[in-house]
Asker: 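Pasting a structure below so you can have a look.
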Amino acid sequence: MLDKIKSLLEEVDSVKVASSSELESFRLKYLSKKGLITSLFEDFREVSSELKRDVGQKLNELKQKAQDRYNSLKKELESTDESDTENDLTRPAFPYPSGSRHPISLVRKEIIDIFSRIGFTVSEGPEIEDDDHVFTKLNFAPEHPARDMQDTFYIFRNSPEDSNPADILLRTHTSSVQVRVMHNQKPPIRTISPGRVFRNEAISARAHCIFHQIEGLYIDANVSFADLKQTLLFFARELYGKETRIRLRPSYFPFTEPSAEMDVSCTICGGLGCNVCKYTGWLEVLGCGMVHPNVLEACGIDSKKYTGFAFGMGIERAAMLKYQVNDLRLYFENDLRFLDQFKTVL
Ligand code: DAH
């Protein structure tokens with residue numbers, strides 16, 4: 001046994017390792033519970049009493065040596081950076097770059113959160129739509145200019161002589177989701193519909209052919225314009241700050257009557273006048289109005305029993321006001337230098 005221990009002492013001394021897996025094999029072979037040294041300690045019990053002292057001493061020496069050798073090999077490995085980086089599972093990972101939410105997603109989420117606090121649910125509809133949902137049921141007259149090829153991307157368009165008017169197109173606004181919701185649900189309805197919309201526009205800092213909107217719809221008995229105004233005031237103060245004021249200017253949309261556009265007091269100067277609000281003190285943020293009775297009827301809702309309001313806003317517009325990013329193209333180009341700036345906003 002003494003011979004065996006002596007040869008192991010030499011062996012341990014001469015071991016070299018080139019990777020952490022080799023180091024681990026060394027540990028398993030000599031130092032682990034099932035290793036050589038443990039089994040020698042087991043054999044040691046059988047050693048005759050006159051040899052016990054010598055053998056015990058040597059065995060302890062071997063154990064110590066193997067442990068020391070293990071420690072120094074480990075140190076050596078750690079100090080040589082190049083050693084088998086692929087297999088060393090104990091190495092700390094390289095700094096892992098974390099992503100960030102897109103500013104449009106951030107603002108969309110914030111708007112959804114605000115409306116969900118007052119009982120609005122989220123509903124969505126398809127981006128590829130038909131003329132019925134985007135225009136006809138929303139009370140657009142057949143010759144309304146918004147149907148024109150200039151604004152709408154048509155996927156499939158019937159000739160005027162065709163008796164079946166099922167034009168297929170990319171929706172130009174999220175108001176189409178109103179139509180779907182009214183068809184599928186009974187009042188009371190309280191819903192917001194975020195989504196992508198498409199218009200045939202030349203791309204510039206101020207216009208894009210793809211952008212995002214959020215549509216709102218509230219239908220019940222006795223819904224009034226005052227309800228619309230209070231809801232929008234609540235929303236504006238939640239999104240743009242407690243001091244925000246709103247104003248409603250008369251406007252026109254085929255699907256609402258009366259219709260209005262809402263301005264908020266300038267988020268930069270608070271209404272005093274600055275170059276963001278072009279010295280007017282106001283910023284236009286959304287369109288709104290009382291749902292036109294023709295729309296209610298076209299969607300199967302009794303307009304004598306129910307009234308409702310609707311509104312629609314651009315998410316890019318809200319993001320521009322919130323983050324002061326005034327070139328629309330930045331929202332679509334996936335430039336990491338831009339997106340990285342939203343890392344801290346969750
Ligand atoms: N759909 C309109 C647009 O794209 C926005 C809008 C205005 C939506 C008034 C509405 C509304 O629901 O009531 O410009």
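Computation of the quantities below employed the complete heavy-atom set of this structure, encompassing side-chain atoms and omitting hydrogens, waters and symmetry-equivalent molecules. Order of listing sets the numbers, starting from 1, for every ligand and every atom in it. Given the structure is predicted, the values throughout are model-derived calculations rather than measurements.
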Asker: Counting heavy atoms only, which of S251, G308, G289, G312 comes nearest to atom 8 (C) of ligand 1?
Answerer: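 It is G312 whose heavy atom sits nearest to atom 8 (C) of ligand 1.
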
Asker: Name all residues meeting the salt bridge (Lys or Arg N to Asp or Glu O under 4.0 Å) criterion together with K65; count only those two or more places apart in sequence or in a different chain, and write none if there are none.
Answerer: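 In terms of salt bridge (Lys or Arg N to Asp or Glu O under 4.0 Å), with neighbours along the sequence ignored, K65 is linked to D13.
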
Asker: Before accepting this row, confirm whether a basic side-chain N of the pair D113/R117 lies closer than 4.0 Å to the acidic partner's carboxylate O.
Answerer: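 Looking at D113 and R117, the cut-off is not met.
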
Asker: If you have a sec, work out which protein heavy atom is nearest atom 12 (O) of ligand 1 and how many Å separate them, to one decimal?
Answerer: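 Of the protein heavy atoms, E215 OE2, 2.5 Å lies nearest.
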
Asker: Taking only non-hydrogen atoms of E257, do any sit less than 4.0 angstrom from ligand 1?
Answerer: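 Contact check E257 vs ligand 1: negative.
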
Asker: Check this for me: does any side-chain nitrogen of one of E76 and K16 sit under 4.0 Å from a carboxylate oxygen of the other?
Answerer: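 Salt bridge flag = no for K16 with E76.
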
Asker: Quick check with a 6.0 Å cut-off and a 45 degree axis cone: is K52 positioned over the face of F44's six-membered ring?
Answerer: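 Verdict for F44: a cation-pi partner in K52.
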
Asker: At less than 4.0 angstrom from any non-hydrogen atom of T256, what atoms of ligand 1 do you find?
Answerer: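 Those qualifying, in numeric order: 13 (O).
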
Asker: Kindly give the heavy-atom pair with the smallest separation between L283 and V276, and that separation in Å.
Answerer: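 L283 and V276 have their closest heavy atoms at CD2-O, 3.8 Å.
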
Asker: Which atoms of ligand 1 have any heavy atom of Q178 under 4.0 Å away?
Answerer: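 Numbered from 1, ligand 1 contributes 12 (O).
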
Asker: Which of the atoms of ligand 1 are close to Q213, meaning less than 4.0 Å from one of its heavy atoms?
Answerer: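 What qualifies from ligand 1 is 3 (C), 4 (O).
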
Asker: For the 3.5 Å polar cut-off, considering only N or O atoms, please tell me whether H173 and ligand 1 meet it.
Answerer: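 So ligand 1 has an N or O lying under 3.5 Å from an N or O of H173.
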
Asker: What is the nearest protein non-hydrogen atom to atom 11 (C) of ligand 1, stated with its residue, atom name and distance?
Answerer: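 Its nearest protein heavy-atom neighbour is F255 CE1, 3.4 Å.
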
Asker: So, does F309 sit close enough to ligand 1 that a heavy atom of it is under 4.0 Å from the ligand?
Answerer: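 Not so, F309 does not reach ligand 1.
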
Asker: Determine, considering heavy atoms only, which of R199, M313, H292, E261 sits nearest to atom 3 (C) of ligand 1.
Answerer: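 Minimum heavy-atom distance to atom 3 (C) of ligand 1 goes to R199.
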
Asker: Assess whether a salt bridge exists between K75 and E78, defined as any Lys/Arg side-chain N lying under 4.0 Å from an Asp/Glu carboxylate O.
Answerer: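 Looking at E78 together with K75, the answer is no, because their closest N to O distance does not fall below 4.0 Å.
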
Asker: Please identify which atoms of ligand 1 are closer than 4.0 Å to at least one heavy atom of S175.
Answerer: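 Those atoms are 1 (N), 8 (C).
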
Asker: If you round to the nearest 0.5 Å, how far is CD1 of I219 from NZ of K186?
Answerer: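 Going from NZ on K186 over to CD1 on I219, the span is 13.5 Å.
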
Asker: Classify the contact between A310 and ligand 1 as side chain, backbone, both or neither, using a heavy-atom distance cut-off of under 4.0 Å.
Answerer: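 For A310, the contact with ligand 1 is made by both the backbone and the side chain.
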
Asker: Applying ring-ring contact (aromatic ring centres under 6.0 Å, His included) as the test, list every pair that has at least one member in residues 282-322; sequence neighbours left out.
Answerer: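 ring-ring contact (aromatic ring centres under 6.0 Å, His included) check on residues 282-322 returns F115-F311, Y218-F309.
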
